[in-house]
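Throughout, numbering of the chain's residues begins at 1 and tracks the sequence.
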Amino acid sequence: MFPLFLVVILCVVGHCTASERYFNALHFGTSNSDYVSFNPDMSAFQESLSVCAWIKRIYTSSSYPTVLNYYHRSYNGEVLITANGHYTYVLSDSDLDNYKSRFTTPTGRWFHLCMTWAKSTTTSKLYLDGVLVGTDTTSSRSLYTGGQLWLGRTSSSYSSSSNFVFGGEVFNLNMFSEVLSDTEIKKAAQEGLCSRRLQDLESRVLKWEYILSQSKSGSVRETDTGCEKTVEVNRNLTSLLNETTVKLGDTEKELEIVSEALNDTEHTLNSTLKELAGTQVKLGTTEETLNSTLEELAGTQAKLGTTEETLNATLKELQTTEELLETEIAQHNETAEELETCSDKLFDTRSKLSAARKFENISRWDVLYTEPYYNRVFTDDLYNQLTTSWTMLRKLVGVNITDGVVSHFQKYHVESMCDVLGELSTGWEMLRQFVGVGMTDGLVDHFIEAHDGSECENNTES
């Protein structure tokens, strides 16, 4: 609060700069001597103009509380603006006065007032707090230059009546060399007393800071509006907003990067989810295969158990068979020994027979040493074999018995030699009585000694 109070004190003694004084308003008393008057260059406004200001009515006794009067000797009121809508016009055309019934201004608080005019359209408009309240058609001439601008009352040449005394406050009164749009006027009014929306327009020719620099008559003084603090706050807010905007821009870039990363991550995640779904399907198939394999394995294990049991049974059978084989082998060995013994005996018999043949004293009884008879039970078949199969030899009477003849009979007539002897003699009838008797060495020796074959010779001779 102290710095702001210091600024006010400095401005009162005339030491304010233009930028500092810009935030001040002009306070006008209730006397005709309270005014500001100067001769501005009005050439920029000959074809068009806009006048905008913030106004606060305090004194209500005046019938035509004049805020601004541009006076020219040719016309008393080239431009006239009052705080209650009476006698408000451009180019001395008072038709805007017809809208004063719509022009109800507040007392004791600020309101925004704008008036525009253009020669090209011959139209003037009046706005109260950003709202259009009146439109008038003007003459087609240009605005006169070289006149005098009065604030707080009309020109003394126009009227010195107290009915034109303003008795209030004016702030941020500017004159533009163009017709401001409805939108610009509306936004300036909506943004409030401290708005600087219109301050940077190039068409702002007659500026409030210039007006504040003019000499003041009577009790006119500058007063603080509080906008400096507000503007400073707004400036700080604007700076903060700019910084925030920059940070926001940086954040947006970061967000774009993060968004791209998130998109990539989402894409990767979607791909991973697809792969996971595929893997789950494969896992399901694998699980089914595994379960099937486990079932097969269980079956195989069961079969192995059965096979093991079968194998054990087979091993037992093999052991039994092995034992049987060992028994049979033992028996075979015994049989082989017996066969070997028989073979030895047969060999001895053959040896004896061969020895007997060498001495040419073979008897008929030697045939009993042969394999079919020796050590066997003498049967009718053996007897018949000795007596009946050699009748064919009778045909060989007178033939020389050679090796070839003997080999022939051995190959095609496998009867033993005893058969030959049997055919040579009829003395074999005695053997019939030995049917059923085993031919032993003693028995054969008996036949050899008792029947030496002479009977054969005798029979043959006979």
Point to revise | Validation row: Phe164, Thr82 side chains within 4.5 angstrom (heavy atoms) | key: no

Review point. Which pair of heavy atoms, one from Leu173 and one from Trp208, lies closest together, and at what distance?
Key: N-CE3, 3.2 Å

Check your understanding: Would you say the side-chain atoms of Gln214 pair up with the backbone N or O of Tyr210, donor to acceptor, closer than 3.5 Å?
Key -> yes

Point to revise | Shortest non-hydrogen separation from Trp110 to Ala25 and the atoms involved | key: CH2-CB, 3.9 Å

Revision key, fill the gap. Those residues at least two apart in sequence (or on a different chain) that pass side-chain contact (heavy atoms from CB on, under 4.5 Å) with Tyr59 are Thr30, Ser61, Ser62

Check your understanding: Is a side-chain donor or acceptor of Asn172 paired with a backbone partner of Cys194 at a separation under 3.5 angstrom?
Key -> no

Review point. Just one of Lys56, Arg109, Arg57, Arg221 clears the salt bridge (Lys or Arg N to Asp or Glu O under 4.0 Å) bar with Glu169, so which one?
Key: Lys56

Practice item. Check each of Val170, Asn69, Val220, Val36 against Leu151 using the side-chain contact (heavy atoms from CB on, under 4.5 Å) test, and report the only one that passes. Key: Val36

**Study point:** Check: Asp381/Thr379 side-chain N/O donor and acceptor closer than 3.5 Å
**Key:** no

Point to revise | Those residues that, when tested against Thr310, pass side chain to side chain donor-acceptor pair (under 3.5 Å) (two or more places apart) | key: none

Exercise for review: Taking side chain to side chain donor-acceptor pair (under 3.5 Å) as the test, write out the residues that go with Thr123, two or more places apart.
Suggested key: none

Could you pull out all donor-acceptor pairs under 3.5 Å where a side-chain atom in residues 288-295 meets a protein atom, sequence neighbours excluded?
residue : atom : partner : partner atom : Å
Thr289  : OG1  : Thr285  : O            : 2.9
Asn291  : ND2  : Glu287  : O            : 3.2
Thr293  : OG1  : Thr289  : O            : 2.7

Study note, to complete from the structure: Heavy atoms of Leu198 and Arg204 approach each other most closely as O-CD, 3.8 Å

**Study point:** Short side-chain to backbone donor-acceptor contact, Thr321 and Glu317, under 3.5 Å
**Key:** yes

Check your understanding: Do other residues, nucleotides or ligands put more than 12 heavy atoms under 6.0 Å from Glu326 CD?
Key -> yes

Practice item. Return the orientation label for the His86 and Tyr64 ring planes: parallel under 30°, perpendicular over 60°, tilted otherwise. Key: perpendicular

Give the table of side-chain donor-acceptor pairs shorter than 3.5 Å for residues 257-266, with sequence neighbours excluded, one pair per line with atom names and distance.
residue : atom : partner : partner atom : Å
Asn263  : ND2  : Ser259  : O            : 3.2
Thr265  : OG1  : Ala261  : O            : 2.7

Point to revise | Main-chain N/O of Gly147 paired with Tyr70 side-chain donor or acceptor, under 3.5 Å | key: yes

Under 3.5 Å, which donor-acceptor pairs do the side chains of residues 180-193 form with other protein atoms, sequence neighbours left out?
residue : atom : partner : partner atom : Å
Ser181  : OG   : Glu184  : N            : 3.1
Ser181  : OG   : Glu184  : OE1          : 3.4
Asp182  : OD1  : Tyr127  : OH           : 2.3
Glu184  : OE1  : Ser181  : N            : 3.2
Glu191  : OE1  : Ser195  : OG           : 2.7
Glu191  : OE1  : Arg197  : NE           : 3.4
Glu191  : OE2  : Arg197  : NE           : 2.7
Glu191  : OE2  : Arg197  : NH2          : 2.5

